Protein chains: 2
Amino acid sequence: MSTPLNASLLRGFSILSLFSDQRNEISVAVVCSELNLNAATAHRFLTTLEEVGVIFSHARGKYSLGLRMSEYGALAQRTSPLVSTVQPVIDRLAMELDEAVMVARAASSGVMCVATAQANRAIAVNVKIGTILDYHATAQGKLWLAHMHAEQRDRKIKQISLKPFNPDTIIDTNNLLAELERVKQQGYATNLGEREPDIAAVAVPVVSKKGELILTLSVFGMRHRFAPDFIDHVRKKLEQAARIIRASYYT
Amino acid sequence: MSTPLNASLLRGFSILSLFSDQRNEISVAVVCSELNLNAATAHRFLTTLEEVGVIFSHARGKYSLGLRMSEYGALAQRTSPLVSTVQPVIDRLAMELDEAVMVARAASSGVMCVATAQANRAIAVNVKIGTILDYHATAQGKLWLAHMHAEQRDRKIKQISLKPFNPDTIIDTNNLLAELERVKQQGYATNLGEREPDIAAVAVPVVSKKGELILTLSVFGMRHRFAPDFIDHVRKKLEQAARIIRASYYT
DNA sequence: GATTTATATCTCATTATATGAGATTTTAAC
DNA sequence: GTTAAAATCTCATATAATGAGATATAAATC
């Protein structure tokens with residue numbers, strides 16, 4: 001059993017996760033309803049986040065992301081080669097392939113999207129950063145399962161519920177294990193409509209020198225685009241991107 | 001008395017504040033010594049920050065700022081007009097005047113530096129973001145005092161200790177009150193070696209429609225540069241910048 | 001390579017902080 | 001101007017956080 005986490009800190013960041021391109025300000029009421037919190041508690045967290053400068057209040061009860069958040073982000077870019085490498089690499093890949101790209105990492109809550117690059121399309125699929133991906137029904141999720149030790153993998157499969165999102169979703173444990181074996185053998189994973197009927201994805205690992213997964217990368221889009229030739233092309237491009245990102249991890 | 005803050009969240013951000021351009025990774029030991037924390041506690045906080053993705057561990061016990069921190073920073077830039085306005089404005093000002101510029105806001109811990117722009121000089125003065133400025137011995141600190149209601153100001157002056165940094169520091173309460181009256185009358189503050197013998201600064205307020213201080217801005221540098229003519233020139237430029245920033249607050 | 005030292009990680013009894021009901025204040029809606 | 005909704009504040013109670021000590025791992029030294 002690993003270190004229990006700090007619930008207040010988790011909650012603080014849950015509040016920060018409510019901000020998005022579509023939501024540039026939040027209120028006590030929004031926090032209460034979205035996170036099922038008491039008003040006094042929500043108010044206390046917002047006031048604390050304001051105190052440290054990552055949000056500010058420009059009108060009573062209305063909060064926006066603040067200057068220090070911007071500075072932390074810029075500092076992350078300046079001080080972490082991995083951080084400064086990932087976005088340009090996935091932006092370029094999205095442009096080259098004309099499909100969306102996503103990066104994910106393992107959190108205790110699941111496989112979490114930590115960076116995305118949009119396709120330059122009028123109608124595009126995207127995933128919101130912070131989203132937790134389904135282990136059994138996404139390309140990246142399957143990659144993470146495939147890289148687990150057998151015991152941990154089996155425990156995780158028991159723990160998750162193999163929701164039948166649609167007829168293509170793998171819901172039988174033996175079928176899932178066989179699929180994970182295939183993923184392991186071929187070194188990449190695909191998702192052909194398993195999570196959403198019309199969405200496909202290809203994912204590859206970014207592996208450490210010790211053979212552990214650091215991150216996973218995927219390209220995803222409308223399923224009809226993902227013919228075998230395109231999948232192979234995408235896989236090669238993703239592996240290339242993975243090599244660049246892996247190198248930045250060790251700078 | 002206002003809302004008590006959440007100590008865990010404050011502590012989490014204190015840990016994040018240990019990162020800097022000079023320190024691109026931190027460890028449990030660094031957190032323990034810098035913040036006077038128990039190792040188990042430090043470890044728990046680092047693990048929690050990693051869980052939310054704002055830091056990551058690329059080697060055992062070594063943490064760097066992570067992808068989600070970068071994304072929060074970018075989101076702040078995209079969603080908050082104030083945030084996206086401030087840095088370009090102060091960068092331009094620093095270039096025009098060839099002196100450093102700083103932005104501060106009020107936190108319960110004091111006047112806190114939240115943005116800076118460096119002078120384009122071989123040898124330059126700068127202040128680290130997050131630094132708490134002395135109320136009685138800095139231009140911005142005096143501005144914040146000058147804008148307080150008399151009762152609150154008197155309470156604050158009693159609370160702070162009027163440290164005699166050097167012979168130019170104002171350490172007598174009556175002299176400080178007289179100085180604050182001057183600051184209020186003229187609408188800007190100066191610091192001529194009060195905090196550091198060779199450093200001078202000019203500060204102006206960014207005031208809300210309701211007359212409350214939102215932020216303060218200052219230009220600072222080597223004292224010999226701050227002749228009366230230069231101070232006046234700087235003041236005008238700062239007031240111009242303040243108008244732009246104020247406008248962005250209401251977008 | 002073996003040993004020692006330092007650092008990181010984990011556990012759980014104890015301690016300290018966080019919570020939220022209810023009251024009050026402020027703002028928005030009518 | 002009145003009412004309703006939202007925000008803010010307080011403090012008794014509940015819950016989570018802490019940190020000593022143990023264990024594991026890595027680094028430093030020989």
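These numbers come from a predicted model, not from an experiment. Proteins get letters first, then strands, A, B, ... in listed order; numbering begins at 1 in each.
Proximity of B:T41 to the phosphate of D:dA17: no side-chain N or O atom is located under 4.0 Å from OP1 or OP2. Remark: B:R11 is not in phosphate contact with D:dA17, judged by side-chain N or O atoms under 4.0 Å from OP1 or OP2. Residue B:R60 places no side-chain N or O under 4.0 Å from the OP1 or OP2 atom of D:dA24.
No contact: B:T47 has no heavy atom under 4.0 Å from any strand. Base contact: B:A40 has a heavy atom under 4.0 Å from a base atom. Using a 4.0 Å heavy-atom criterion, one finds that A:S8 contacts the sugar-phosphate atoms exclusively.
Rounded to whole angstrom, the span from the CG atom of A:L46 across to the C1' atom of C:dA18 amounts to 16 Å. Taking atom CZ of B:R44 as the reference point, atom C1' of C:dC12 lies 11 Å away to the nearest angstrom. The interatomic distance linking B:L10 (CG) with D:dT18 (P) rounds to 12 Å, in whole Å. Atom CZ in B:F45 sits about 17 Å away from atom P in C:dC10, given to the nearest Å. Atom CG of A:L5 is separated from atom C1' of D:dA17 by 13 Å (rounded to the nearest Å). Between A:N6 atom CG and C:dA16 atom C1' there is a gap of 13 Å when expressed in whole angstrom units. If you measure from atom NE2 of A:H43 to atom C1' of C:dT25, you get 11 Å, rounded to the nearest angstrom. To the nearest angstrom, P of D:dA14 lies 15 Å from CG of A:N38.
Residues A:L16 and A:F13 meet the side-chain proximity criterion, which asks for heavy atoms closer than 4.5 Å.
Annotation: B:D21, atom CG; neighbour count of heavy atoms from other residues, nucleotides and ligands within 6.0 Å is above 12. Heavy atoms of other residues, nucleotides or ligands lying less than 6.0 angstrom from CD of B:Q87 number more than 12. For B:K128, the NZ atom sits in a packed shell: over 12 heavy atoms of surrounding residues, nucleotides or ligands are nearer than 6.0 Å.
Computed from C1' positions of five pairs at each end, the angle between the two local axes of the helix from C:dG1-D:dC30 to C:dC30-D:dG1 equals 70°, rounded to 10 degrees.
Pairs engaging residues 50-63 of chain B under the side chain to side chain donor-acceptor pair (under 3.5 Å) rule: A:S108-B:E51, A:S109-B:E51, B:E25-B:H58, B:H58-B:S64 [sequence neighbours left out].
Between the B:N6 side chain and the B:S8 main chain, a donor and an acceptor come within less than 3.5 Å of each other.
Along DNA chain D, the nucleotide nearest to A:G61 and the one nearest to A:P4 differ in position, and the one closer to the 5' end is contacted by A:G61.
The pair B:K184-B:E181 does not meet the salt-bridge criterion, since no charged nitrogen lies less than 4.0 angstrom from a carboxylate oxygen.
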